[in-house]
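Notes for the one structure printed next.
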Amino acid sequence: MIKLIKVKNYNEVSKKAFEIMKEVLDKKTVTLGLATGSSPIGLYERMVDSYNKNEISFKDVTTFNLDEYIGLDVNHPESYSSFMNRNLFSKVDINKNNINLPKNGSDSKLSEEYEDLLSNHQIDLQLLGIGSNGHIGFNEPGTSFDSLTHIVDLNESTIQDNARFFDNDISKVPTQARSMGLATIMKSKKILLIATSENKAQAIYDMIHGEVTIDCPASILQNHPDVTVIVDEDAAKLI
Ligand code: GLP
């Protein structure tokens, strides 16, 4: 079931998302599924602020990130590993051994290893953004609903959307990524999806009101028992 929360702007989305995140973090020993992109940055800032005020701790938190580019050095500033260190991990008391991200190598065994690791945990809260084409993680339209962690060829539209992180030069954007699959994401106890801006409006409409179809990967969330979607006015334009 999808619970929809509409708020005014990015700042309000981050604020509301933090309230939900905090309820989970208050349980202390938790496993979080984390996302990258512009959408979660405001939420991560609030998590860091709250940690600095001694309200929350990450000592007993384990994290699994959704995805990582293939072939991009982990130390590249736009690798998702660097993104997470910059925006969250380096700023809080998380134990480095409890941080998990998909590996950037092209061997398919690395996907199985990540899935094995995940199968020993249940994600208490999976944070998601959404691509303008309805992707979650890097599960592009057409991805099987049964998919586990796998290597993905990125769509032209995703490469274009992400070029802004690579000097607006599409030739610098990696063409493949490793992503948790849709079935992996669906195993999470609770899912929180956040989206802002008008270019997400169609994907948000299709996810909530459209047919459950692999053409809109996020529509699979209609089949999950506990999903909260927080959107700003622009992303909610069509609903
Ligand atoms: C990328 C990520 C997704 C993310 C999406 C939206 O493609 N792999 O996990 O949700 O972009 O990003 P943004 O929040 O920057 O719009």
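Both ligands and their constituent atoms are indexed starting at 1 by order of listing.
- Below 4.0 Å from some heavy atom of S39 lie the following atoms of ligand 1, by number and element: 13 (P), 14 (O), 16 (O).
- Under 4.0 Å from ligand 1, the heavy atoms of R164 that appear belong solely to its side chain.
- Between Y69 and F166, the distance separating the two ring centers is shorter than 6.0 angstrom.
- Looking only at side-chain heavy atoms (C-beta outward), M180 and Y114 come within less than 4.5 Å of each other.
- No side-chain donor from either of N100 and H121 sits under 3.5 Å from a side-chain acceptor of the other.
- In this structure, of L34, I194, T36, the residue bringing a heavy atom nearest to atom 4 (C) of ligand 1 is T36.
- Atoms of ligand 1 lying under 4.0 Å from at least one heavy atom of Y80, given by number and element, are 1 (C), 2 (C), 8 (N).
- Shown in contact with G129 at under 4.0 Å from a heavy atom are these atoms of ligand 1, numbered in order with element: 10 (O).
- Ligand-side atoms of ligand 1 in range of H135: 1 (C), 5 (C), 7 (O), 11 (O), range being under 4.0 angstrom from any heavy atom.
- You'll find the side chain of L125 reaches within 4.5 Å of the side chain of L192, heavy atoms only.
- Taking 4.5 Å as the limit, some side-chain heavy atom of L34 sits within range of a side-chain heavy atom of M84.
- When heavy-atom distances to ligand 1 are checked against a 4.0 Å cut-off, A35 has no atom that comes that close, whether in backbone or side chain.
- Nearest to atom 6 (C) of ligand 1 among the protein's heavy atoms is I130 O, 3.5 Å.
- Interface atoms of ligand 1 facing G37, defined by a heavy-atom separation under 4.0 Å, are 14 (O), 15 (O).
- Atoms of ligand 1 lying under 4.0 Å from at least one heavy atom of D67, given by number and element, are 2 (C), 8 (N), 9 (O).
- Note: no N/O pair closer than 3.5 Å links G131 and ligand 1 by distance alone.
- D93 and S57 share a donor-acceptor pair across their side chains, judged by distance under 3.5 Å alone.
- For the pair K103 and R178, the minimum side-chain heavy-atom distance is below 4.5 Å.
- With respect to atom 13 (P) of ligand 1, the closest heavy atom belonging to the protein is S38 N, 3.6 Å.
- The shortest contact between atom 16 (O) of ligand 1 and any protein heavy atom is with K200 NZ, 2.6 Å.
- Between T158 and ligand 1, no N or O atom pair is found at a separation short of 3.5 Å.
- Residues N104 and E68 bring no donor and acceptor atom of their side chains to less than 3.5 Å of each other.
- From the protein, the heavy atom lying nearest to atom 3 (C) of ligand 1 is G137 O, 3.4 Å.
- For the pair D226/M1, no side-chain contact is recorded, criterion being any heavy-atom separation below 4.5 Å from C-beta on.
- Defined by atom type and a distance below 3.5 Å, a donor-acceptor pair is missing between the side-chain atoms of E233 and N9.
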